[in-house]
Each structure stands twice: as C-alpha cells, then as structure tokens.
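Counting starts at 1 for both ligands and their atoms, following the listed order. The analysis underlying the following values was restricted to heavy atoms, covering all of them including side chains, and did not include hydrogens, waters or symmetry mates.
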Amino acid sequence: MAAVSHLKVPNTLPSSNRRTLGLPPSLRQRPSVVSTAGHATPNRRTDVNGVPASSSSREDLRIGDGPPIRVAFQGSHGAYSEFAAKTAIPDCTTVPCRSFSDAIAAVGRGGADRAVLPVESTMEGTALRNYDLILCHDLQICQEISLFVHYCLLAMPGVRTAELRRVISHPMALAHCGRALAQLGLRREPVEDTAGAVQMLLSRRLVDTAAIASPRAAAIYGLDVLADGLQDASWNVTRFLLLSKPNPAGESPAVPSAKLKTSMVVAHRGGSMMILLKVLSAFSSRNLNLTKLEVNNPSLEGEGPVLVLDLRGMGFLRSFPHVIYVDFEGSTQDPKVQEAMEEIARFSVFVRILGCYAADPDVYDLHH
Ligand SMILES: O=C(O)C(=O)Cc1ccccc1
C-alpha cells in the first residue's frame with residue numbers, strides 16, 4: 001500500500017461506550033478499556049441480552065457446539081497478535097505463522113478459520129502494510145479488536161541493563177519505543193515478531209541483548225522484565241482485524257445487539273481533495289458516521305499504485321494510483337448506506353466492500 005497521508009476522522013465513540021475501570025487519569029478521556037486482569041482468557045462484555053457485544057454471532061454459535069475456531073497469526077506464541085486473537089475469540093485455537101501472508105494463506109487453504117492482522121496504531125496511523133494484504137486477497141473483515149499495548153524490556157535471567165548492547169523486536173515495537181531505547185543507548189535490530197525475539201534470546205543465550213515484547217511473553221518464556229511501559233506514548237493502542245473467507249450470501253453478521261461497521265476501499269481518478277469532499281458528503285448528508293478516512297499518497301517516492309483484488313468473476317488484481325479507505329457505522333443492508341454507495345460509485349472508478357462486522361470501540365488491556 002502506498003504510504004497513507006493521515007487525514008483521519010477521529011474515532012467518535014458514542015458516549016455510552018465511555019466507561020472507565022479505575023484506570024489512571026491519563027487513560028480516562030479515552031474509550032473504555034476492558035480489563036483482562038487475571039483472566040486466562042479476557043473477560044468479555046455482554047449486552048443486556050447476555051450476548052457478547054463485540055463478537056459476531058457466528059463465533060459464539062460455534063463456541064461450545066463445534067471445534068474451536070482456529071485463528072492464524074504472524075509470530076510465535078506470546079505475540080501481541082496472538083493475544084488479540086484470544087481477546088476477540090476467547091475459546092479459539094491459535095495457529096502461529098511465519099508471516100502475515102502465511103496467516104492469510106492458512107485461511108485460504110483451510111488451515112485456519114480466521115487470520116488476525118495488526119492494521120493501525122495510535123502512534124503512526126496506518127503505517128502497517130497489512131491493508132495491502134487484505135486488498136490483494138478475497139478474505140473479508142469479520143471482526144475488529146483494539147489492544148492497549150504495553151512494551152516490556154526482557155532479558156535472559158540475571159542480565160542487568162548495564163550489560164545490554166542491543167535490542168531486538170518487531171519493527172513496530174522498536175518504533176514505538178524510540179525514546180526509551182535512545183536513552184538506553186541500545187542498537188535496534190528488527191526481527192519477525194516480538195515473541196520470536198524472545199525465543200531468539202533463549203535459543204542463542206544472548207546476554208548482551210534485550211527483546212521488546214509483552215508481559216505474557218516474559219511469563220511464557222521465563223525471561224526477566226527489566227522495564228515495563230517502554231512505549232513513547234501514554235496511549236498506545238493497536239487495532240487488529242480478523243479476516244475470514246467471505247460468507248456465501250455476503251450478508252451482514254446477524255449480531256442482535258452491537259453496532260455494525262463496514263470497511264471499504266474507493267479507487268478514483270485523482271484530485272483527492274474533491275473526491276474526499278464528495279465521499280464525506282455522501283455519508284454526512286445521510287447522517288452516516290465515519291470512523292476512519294484515509295487517502296493514499298502516490299506522490300511519495302517508492303510508493304506505487306495500490307493493488308486491489310476485484311472479486312467479480314474469477315477475481316483479478318487491479319492497480320489503482322488513488323484510493324481512499326473508509327470505515328463507517330452501518331451495514332450494506334441499510335438503505336441509506338446503499339444510497340451512499342450508489343452515489344460514491346457514480347464518481348469513483350472502483351469500490352470494494354472489505355467487510356461488515358460488529359463495531360468494538362473498546363480497548364482491551366493486557367495488564368489491567
Ligand atoms: O510481533 C508481535 O507480537 C505482533 O503481534 C506484531 C505487533 C507488534 C507490535 C504491536 C502490535 C503487534
């Protein structure tokens with residue numbers, strides 16, 4: 001995906017979602033944070049009907065009356081993506097994969113039922129190239145989950161900070177802890193994933209190297225936590241999407257109580273600002289709330305056009321220099337949404353719905 005300039009529509013959460021759970025003041029003004037403290041699997045919010053408010057009914061129907069849902073993730077056990085999967089579908093079985101592409105391929109060949117991908121974080125918006133993968137494959141977005149990510153500095157038992165010379169972790173983790181790592185004077189080396197970095201410390205018995213990973217990874221692999229909360233920003237949230245094979249009828253999830261959300265990509269002929277205004281108008285004129293609006297920026301060097309799989313017929317990849325990513329509250333079953341889509345189709349080159357799923361504005365916190 002071309003680098004995306006961040007014209008982001010702030011997350012406007014309905015006031016009813018603003019619940020705090022005794023969190024430090026710095027988090028109070030944010031969306032509610034759901035505590036997972038002390039739970040083998042995170043506790044779940046349910047609505048008045050006792051229906052888990054944020055998972056689609058398909059997941060809950062399968063839980064208890066069929067084999068566990070298998071969720072493929074990139075990394076090793078203890079990776080943040082694995083925790084995101086366990087938070088989204090507590091009874092799932094996780095399937096570690098070498099890369100995000102492998103996680104998607106696992107769903108395509110039936111080795112997993114879902115793939116979970118980190119797609120954006122509060123620190124640098126959609127800096128992750130995982131939207132490319134979603135656009136290039138025929139999977140659909142079926143669930144979202146946001147994690148408050150705590151980065152810890154882990155080292156082999158007994159190693160002291162003064163003995164460290166370098167630190168290894170997933171590129172995003174290294175980026176999110178830039179200030180702290182600069183203060184520690186450690187040389188940063190990116191590896192596949194955070195839990196994989198921990199395994200590397202162990203397998204190579206590295207005593208001059210630390211890893212940035214989750215508190216869970218420290219517990220799983222028995223490493224010392226030399227520091228916690230290394231992230232530069234006090235509010236460090238990563239949003240993950242769960243992908244599944246398209247449901248045959250293409251219908252929206254029958255989720256009785258939660259708000260539905262739709263993600264889509266709009267390709268256009270250029271003149272982004274004018275197109276942007278038209279997209280905004282198509283929704284605002286119908287009181288449809290956007291939760292994400294980002295445009296690509298093909299003028300940035302090294303950022304080519306965006307490849308999108310056109311699902312019509314046998315499916316073929318198309319290349320678009322100008323695209324806009326939109327998430328909005330509502331479903332394609334809603335007549336007002338259908339009117340907005342028809343209006344957008346009139347001035348764009350191509351529109352693809354990436355998925356319709358239960359909106360989950362809460363932020364799940366590993367620690368609290
Ligand atoms: O490497 C991991 O643990 C991942 O799951 C990728 C990641 C890295 C940093 C924040 C969120 C997800």
Side-chain angles (χ1 to χ4, degrees), residues 33 36 42 71-89 92-104 106-107 112 114-134 143-154 167-181 188-203 209-221 223 225 227-243 360 363-367:
V33 178
T36 61
V71 183
F73 71 96
Q74 183 267 339
S76 314
H77 288 302
Y80 291 103
S81 293
E82 184 183 47
F83 186 70
K86 295 298 277 185
T87 304
I89 308 175
C92 74
T93 300
T94 53
V95 179
C97 295
R98 195 188 53 78
S99 68
F100 292 120
S101 300
D102 290 351
I104 286 189
V107 178
R114 302 280 185 277
V116 59
L117 303 182
V119 289
E120 58 189 315
S121 80
T122 43
M123 284 192 67
E124 76 282 325
T126 311
L128 290 155
R129 295 181 173 273
N130 286 330
Y131 271 106
D132 288 359
L133 289 169
I134 296 172
Q143 202 170 341
E144 65 175 346
I145 200 85
S146 295
L147 285 192
F148 186 92
V149 174
H150 292 263
Y151 291 118
C152 298
L153 191 69
L154 309 184
V167 60
I168 57 177
S169 192
H170 183 280
M172 199 160 72
L174 294 173
H176 290 172
C177 305
R179 249 198 332 269
L181 295 177
R188 291 173 243 173
E189 293 179 14
V191 294
E192 291 289 327
D193 72 284
T194 60
V198 170
Q199 289 181 323
M200 198 181 287
L201 292 192
L202 284 169
S203 59
T209 304
I212 294 177
S214 69
R216 260 171 106 245
I220 292 172
Y221 299 102
L223 265 62
V225 178
D228 185 359
L230 276 184
Q231 56 274 11
D232 293 345
S234 59
W235 182 251
N236 184 46
V237 175
T238 297
R239 178 172 175 242
F240 296 79
L241 295 177
L242 279 87
L243 309 179
D360 187 350
V363 174
Y364 293 82
D365 190 334
L366 199 59
H367 265 324

TODO: Pull out every atom of ligand 1 sitting under 4.0 Å from any heavy atom of S81, numbered as shown with elements.
DONE: 4 (C), 5 (O), 6 (C)
- [ ] Would you check whether Y151 reaches within less than 4.0 Å of ligand 1, judged by its heavy atoms?
- [x] yes
Open item on the list: Between Y80 (side chain only) and A213 (backbone N and O only), is there a donor and an acceptor less than 3.5 Å apart?
Closed with: yes
Open item on the list: To the closest 0.5 Å, what do you measure between OG1 (T238) and CZ (F148)?
Closed with: 10.0 Å
- [ ] Considering heavy atoms of the protein only, find what lies nearest to atom 7 (C) of ligand 1 and give residue, atom and distance to 0.1 Å.
- [x] M172 CE, 4.1 Å
Open item on the list: Quick check against the 3.5 Å criterion: does S81 have a side-chain atom that pairs as donor or acceptor with the backbone of P118?
Closed with: no
TODO: Give yes or no for whether the N/O distance cutoff of 3.5 Å, strictly under, is met between Y80 and ligand 1.
DONE: yes
Task: Exam field: side chain D102 to backbone C97, donor-acceptor pair closer than 3.5 Å - done: no
TODO: State whether the shortest distance between N or O atoms of T194 and N or O atoms of ligand 1 falls below 3.5 angstrom.
DONE: yes
TODO: Heavy-atom contacts with A79 under 4.0 Å: which atoms of ligand 1 show up? List them by number with element.
DONE: 2 (C), 3 (O), 5 (O)
Task: Side-chain (R179) to main-chain (D232) donor-acceptor, under 3.5 angstrom - done: yes
